[in-house]
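Here is the structure we will look at.
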Amino acid sequence: MKLSEYTAYDAMGLAALVANGDVTAVELADLAREANEAVNPALNAVIECWPAAESGSANPRGGPLAGVPFLIKDLAVSMQGKKLELGSRLARGVVAAEDSWLMSRFRAAGLVTVGRTATPEMAFSTTTESVLQGATRNPWLPELSAGGSSGGAAAAVAAGVVPLAHATDAAGSIRVPAASTGLFGLKPTRGRSSNGPSLDEVFAGFGVQLGVSRSVRDSAALLDAIHGHAIGDPYVTAAPARSFLSEVSREPGKLTIGLMLDPWNGERTDPVISAATLSTVHLLEDLGHTVIELQPTLGLSWDAFVRMNATIWTATLVGWIEGLASATGRPIDDTMLEPATLACFRYGKEEKASEFAAALAMRNVVSRSVGAWFGDVDVLLTPTLPQMPLAIGAYGEGAGSMSGLDWTQRVFRHSPFTPPFNVAGVPAASVPLETHPATGLPIGMQFAAGFGREDTLLSLAGQLERARPWKDRRPLVWAGRSADVR
């Protein structure tokens, strides 16, 4: 198989070739390495790529994605014997002692993990630019950010290194990079899969894991492979009545879809993105859906919402940082941590237990407010992001003078549409339906549904993918193209 052929397939397509004996898992792992060599120098998406002998490609387990090359993010999932550095100098060289529950599910699905992808330090950013690993660049225009915190995963998938990759999302970290790089990114319902055994709630239940992909069916198949719970998990969500993959080809019926064009922080969405969102509205109406404009409330002010998140995020961060410092013997200072991370650590240290309890009460207010939206509509549509991707370096300007609350405000201002669905624990997806008319850069549309209703989102996304396909769009940096010109 040529590299240009490899990059043309999604994960399900590659799995079918392996199952039919048309190609081996070893050949695919070698092609993934070749693709990485072709594009990663321009992107800095993959921080470690392992030889086929280390990836397990010689003896992949049977499963729905058997033999498919895969990448894991440098955070939240642990692979025995491999580094887990969280994008931080504080964790440089730390090696996982065991597989996490999710890693065991990836193996059982037959995925062949060939390397690790970049993340911002401690994932506390919606761009991927760390001191330890450097900046990850956008395959569509390398001077732009690929988003974050799963920016390495998104850049690698968008450029054709692998068809899908592991990603995490606690405030938009699947959906933001998916929107920035033209991918499909589904944030599952809270409790859909396990973060164990070393992690439990992850930011009081805000953090979930799945992946980014170039097709809706790949994310659905991945969710089928990993859903379920481990003993002791704090959240458990009931299994679906049907497979998630089956929902992608199922017509969603006529849905009532709420539309929100401007975010809760009172700022205005870029007119180009607003126009793109209205283009999606026209498509939805052509497909028979009813779209109504809404102004749903969070149940509290935007400032209170950000403060609540800052308390929960930074208090959690304190435990991570102190645990790493104790394990490595390294200091908690600016030689080991970036200015924003250190500021967030200090902010978390100053918060009181009573303030954390108050933040959990505010989480409850938001969860119940968001849940009520889906009594009136089946799905809510927003832009995934209110602006186009930022230039590399712009996001972190002035970080050295910020407090932990200041930094959290910056993170949430960059991606104001995504965090409420993490707080409420409901599923949401970024779908790459639109493009910028002048630059051709992708524009993601976010769809959210009620608790446990990934079936609705996948069915709708599958319909939209068929109506306005994106599979043949190619970024400037594309592994298949690189191979064709050599």
Side-chain angles (χ1 to χ4, degrees), residues 10-11 43 45 70-71 73 117-120 123 125-128 136-141 144-188 207-223 248 273 276-277 280 381-390 414-419 421-422 427-436 441-448 454 457-458 460-462 464-465 468-471 473-475:
D10 68 356
L43 301 178
F70 189 65
L71 292 164
K73 184 177 177 179
T117 60
T119 180
S125 176
T126 45
T127 188
T128 302
T136 295
R137 298 178 177 274
N138 195 316
W140 292 86
L141 200 59
L144 301 182
S145 167
S149 64
S150 305
V157 172
V161 176
V162 291
L164 79 167
H166 165 248
T168 70
D169 194 316
S173 289
I174 287 174
R175 290 158 288 159
V176 171
S180 301
T181 61
L183 301 178
F184 179 73
L186 171 66
K187 181 202 85 68
V208 296
Q209 304 187 58
L210 188 61
V212 288
S213 62
R214 295 197 297 269
S215 70
V216 177
R217 69 175 186 169
D218 279 1
S219 286
L222 187 62
L223 190 55
V248 178
I273 294 178
T277 308
T280 291
L381 164 66
T382 77
T384 306
L385 289 166
Q387 70 281 313
M388 299 304 293
L390 297 173
H414 178 246
S415 180
F417 287 112
T418 57
F421 306 110
N422 296 84
S430 183
V431 186
L433 289 170
E434 306 293 338
T435 58
H436 192 288
L441 290 169
I443 298 174
M445 295 291 116
Q446 178 179 235
F447 295 87
E454 288 96 333
L457 292 182
L458 289 167
L460 176 59
L464 292 168
E465 185 180 31
R468 188 174 287 174
W470 57 79
K471 69 180 182 67
R473 298 178 192 164
R474 297 287 183 257

Handout entry: Non-hydrogen atoms of Ile443 and Ala276 that approach each other most closely
Key = CD1-CB, 4.0 Å
Exercise for the section: For Thr128 and Thr119, indicate whether the former's side chain and the latter's backbone hold a donor-acceptor pair under 3.5 Å. Expected result: no
Problem - Phe184 vs Val212 side-chain heavy atoms within contact, under 4.5 Å - result: no
Side-chain donor-acceptor pairs under 3.5 Å in residues 151-167, sequence neighbours left out?
from   : atom 1 : to     : atom 2 : distance (Å)
His166 : ND1    : Lys73  : N      : 3.0
His166 : NE2    : Gln209 : OE1    : 2.7

Exercise for the section: Grab the two heavy atoms, one from Leu464 and one from Phe447, that are nearest each other, plus how far apart they are. Expected result: CD1-CZ, 3.7 Å
Problem - Shortest non-hydrogen contact between Pro469 and Arg473, atoms and distance - result: O-NH2, 4.2 Å
Fill in the blank from the handout: Between the CD atom in Gln446 and the OG1 atom in Thr382, the distance rounded to the nearest 0.5 Å is 4.0 Å
Handout entry: Smallest separation among heavy atoms of Pro389 and Leu144, with atom names
Key = O-CD2, 3.9 Å
Exercise for the section: Would you give the length of the straight line joining atom OG of Ser180 to atom CG of Asn138, rounded to the nearest 0.5 angstrom? Expected result: 6.5 Å
Handout entry: side chain to side chain donor-acceptor pair (under 3.5 Å) partners for Thr181, two or more places apart
Key = none
Problem - Straight-line distance of Arg217 CZ to Arg214 CZ, nearest 0.5 Å - result: 11.5 Å
Fill in the blank from the handout: Leu223 and Glu454 have their tightest heavy-atom pair at CD2-CG, 4.1 Å
Exercise for the section: State, to 0.1 Å, how close Gly444 and Ser430 come at their nearest heavy-atom pair, and which atoms those are. Expected result: CA-OG, 3.8 Å
Problem - Thr280 and Glu434: side chain donor to acceptor below 3.5 Å - result: yes
Problem - Criterion side-chain contact (heavy atoms from CB on, under 4.5 Å) against Ile174, the qualifying member of Leu183, Thr418, Asp169 - result: Asp169
Practice task
Please round to the nearest 0.5 Å and tell me the distance separating atom CH2 of Trp140 and atom CE of Met388.
Solution key: 10.5 Å
Problem - Trp470 vs Val431 side-chain heavy atoms within contact, under 4.5 Å - result: yes
Practice task
Please lay out, stage by stage, how Ser215 and Glu465 fare under the test side-chain hydrogen bond (donor to acceptor under 3.5 Å, both in side chains).
Solution key: CA-CA 8 Å; Ser215 70; Glu465 185 180 31; 5.0 Å; no
Handout entry: pair Ser415-Leu385: side-chain heavy atoms closer than 4.5 Å
Key = yes
Problem - Any side-chain heavy-atom pair of Leu390 and His414 under 4.5 Å - result: yes
Problem - Nearest-0.5 Å distance that lies between atom CG in Leu222 and atom CG in Leu186 - result: 9.5 Å
Problem - Main-chain N/O of Gly147 paired with Thr126 side-chain donor or acceptor, under 3.5 Å - result: no
Problem - Lys187 side chain reached by Leu210 side chain, heavy atoms, under 4.5 Å - result: no
Practice task
Give the intermediate values and the outcome of side-chain contact (heavy atoms from CB on, under 4.5 Å) for residues Arg175 and Asn422.
Solution key: CA-CA 11 Å; Arg175 290 158 288 159; Asn422 296 84; 2.6 Å; yes
Problem - Within-4.5 Å side-chain heavy-atom neighbours: Thr168 and Ser149 - result: yes
